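Let me begin by presenting the structure, written as structure tokens, before commenting on it.
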Amino acid sequence: MTVLQSFRTTLQVVTETPVLVAFALAFGAMGALNNASGLVSVVGTILLLFGSPALIGAFYTAIDGARPGTDTDLRASTAARRYYVSLLGASVLSGLVIMVVAMVVGGGVVGYIGFDRLNAVLNGSASLTLVELAAGGAALAVLAAVVYVFTFFDTAVVFDGKTAGGSLSRSVDFVFGNFRQVVGYAVVATVATSVVDLPVLWFVTLDGATTVAGAVTAFQAPMSAVDIAVVAVASTVTTLVGRTYKVCFYRACTDDAPGADPVTTDGEWAA
């Protein structure tokens, strides 16, 4: 099965290619800066926006080159430059689409529950009913589905040579063309990363809060240097496994597709 076989390949690639940790660590460091407060957070946001496209191009190329039986020979540094503009544009476009959907869905939920009542829930003076919880859960499910529909835009740029706009439509085609496999991938990827993410989110980011009000307060409070370091390490681990799995899964599905033709690249790959 493609889903599980790709995950086994992921574990093999991760354990046999230590250089990938450097790429994941760069993502973790930018995420840590973004979680800081004040000017440092602004710097982290800027780095994530303008630095991620170069990192993704290099990182995905390095992962692809480490897969068993691969024949790619593109340099990671070359890939960082070649795909930068398309990845930056696709990131902005997908972010805008997701933001619009989130505003529409979130606005619908707020309109249904009522702003005053929602504010009371956040302040800890009221609690949501089962129906309201179901409405919130449905909204999150819709948003998650939209995120996953566009989640493969970056692999479409790096491995299919798509432009910013073309990568979004390619991601949609890929998801619906491999629907059952993508659902399985989503489950495995979520479980694998949640093993690290959830404990850190609960005990570090939310400070072990047991109420909505407590979680909101903890989330808004500035994080200590130690907490930021813990989040950075956790992000490094989940980025390493999660992005490697995405590449291995995408390549496995596209390599198996009828008439699939690997993208021809030039230059010698090097970390």
Side-chain angles (χ1 to χ4, degrees), residues 1-32 34-35 47-48 51-80 83 87 147-148 151-160 171 174 178 181-201 204 229-256 262-263 265 268-271:
M1 185 178 180
T2 302
V3 172
L4 296 180
Q5 181 58 50
S6 297
F7 192 70
R8 285 193 289 267
T9 302
T10 296
L11 297 179
Q12 179 181 349
V13 169
V14 167
T15 55
E16 295 180 358
T17 318
V19 70
L20 297 180
V21 177
F23 292 103
L25 187 60
F27 275 107
M30 290 191 299
N34 188 53
N35 280 309
L47 286 176
L48 278 174
S52 291
L55 265 179
I56 289 172
F59 193 16
Y60 285 11
T61 300
I63 294 169
D64 193 43
R67 291 187 309 124
T70 187
D71 59 357
T72 184
D73 58 357
L74 181 66
R75 285 182 180 271
S77 56
T78 301
Y83 304 120
L87 284 170
V147 170
Y148 257 101
T151 194
F152 294 100
F153 75 84
D154 48 7
T155 50
V157 170
V158 176
F159 301 123
D160 297 331
S171 180
F174 175 80
N178 302 272
Q181 292 95 323
V182 170
V183 170
Y185 160 82
V187 171
V188 173
T190 300
V191 171
T193 55
S194 293
V195 170
V196 176
D197 280 340
L198 289 183
V200 172
L201 174 65
V204 178
V230 171
V231 171
V233 172
S235 177
T236 298
V237 174
T238 55
T239 297
L240 178 62
V241 175
R243 290 190 181 270
T244 302
Y245 185 33
K246 178 191 275 193
V247 170
C248 291
F249 173 75
Y250 188 86
R251 292 296 262 173
C253 289
T254 54
D255 288 349
D256 290 342
V263 178
T265 57
E268 180 184 359
W269 174 82

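All values derive from a computational prediction rather than experimental measurement.
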Measure from the side-chain N and O atoms of [X] to the backbone N and O of [Y], and report whether any donor-acceptor pair falls under 3.5 Å.
X: Ser235; Y: Val231; result: no
X: Lys246; Y: Thr151; result: yes
X: Thr15; Y: Gln12; result: yes
X: Tyr245; Y: Val3; result: yes
X: Thr155; Y: Phe152; result: yes

- Task: Could you check if a side-chain atom of Phe174 sits within less than 4.5 angstrom of a side-chain atom of Val182, using non-hydrogen atoms only?
- Result: yes

Got a second to check how far [X]'s [atom1] is from [Y]'s [atom2], nearest 0.5 Å?
X: Asp64; Y: Thr244; atom1: CG; atom2: OG1; result: 11.0 Å
X: Leu25; Y: Met30; atom1: CG; atom2: CE; result: 10.5 Å
X: Thr17; Y: Ile63; atom1: OG1; atom2: CD1; result: 9.0 Å
X: Leu198; Y: Thr190; atom1: CG; atom2: OG1; result: 10.0 Å
X: Leu87; Y: Ile56; atom1: CG; atom2: CD1; result: 5.5 Å

Closest approach of [X] to [Y] (non-hydrogen atoms, all atoms of both residues):
X: Val204; Y: Val230; value: CG2-CG1, 3.9 Å
X: Ala79; Y: Thr61; value: CB-OG1, 3.0 Å
X: Pro53; Y: Leu48; value: CD-O, 4.3 Å
X: Pro68; Y: Thr9; value: CD-CG2, 3.8 Å
X: Leu20; Y: Phe59; value: O-CE1, 3.8 Å
X: Thr2; Y: Cys253; value: CG2-SG, 3.8 Å

- Item | Test side-chain hydrogen bond (donor to acceptor under 3.5 Å, both in side chains) applied to Tyr185 - qualifying residues, sequence neighbours left out |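 Partners of Tyr185 by the side-chain hydrogen bond (donor to acceptor under 3.5 Å, both in side chains) criterion come out as none, since no residue qualifies.
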
- Task: Not counting sequence neighbours, list each pair that qualifies as a salt bridge (charged side-chain N to carboxylate O under 4.0 Å, His left out) and has a residue in residues 6-25.
- Result: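 For residues 6-25, and leaving out neighbouring residues, there are no salt bridge (charged side-chain N to carboxylate O under 4.0 Å, His left out) pairs at all.
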
- Taking the six-membered ring of Phe159 (Phe, Tyr or Trp), confirm whether the NZ or CZ of Arg251 is under 6.0 Å from its centre and within 45° of its axis.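 Yes, cation above the ring, under 6.0 Å and within 45°.
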
- Message: For the residue pair Arg243 and Phe27, would you count it as a cation-pi contact if the rule is NZ or CZ under 6.0 angstrom from the ring centre and within 45 degrees of the ring axis?
- Response: yes

- Task: Report the C-alpha distance between Val158 and Asp154 in whole Å, list the side-chain angles of each, state the deciding distance to 0.1 Å, and finish with yes or no for side-chain contact (heavy atoms from CB on, under 4.5 Å).
- Result: CA-CA 6 Å; Val158 176; Asp154 48 7; 5.6 Å; no

- Query: Could you go step by step and tell me if Thr10 and Phe249 meet the side-chain contact (heavy atoms from CB on, under 4.5 Å) rule?
  - Reply: CA-CA 9 Å; Thr10 296; Phe249 173 75; over 6 Å; no

- Task: Show your working on side chain to side chain donor-acceptor pair (under 3.5 Å) between Asn178 and Tyr250 and close with a plain yes or no.
- Result: CA-CA 10 Å; Asn178 302 272; Tyr250 188 86; over 6 Å; no

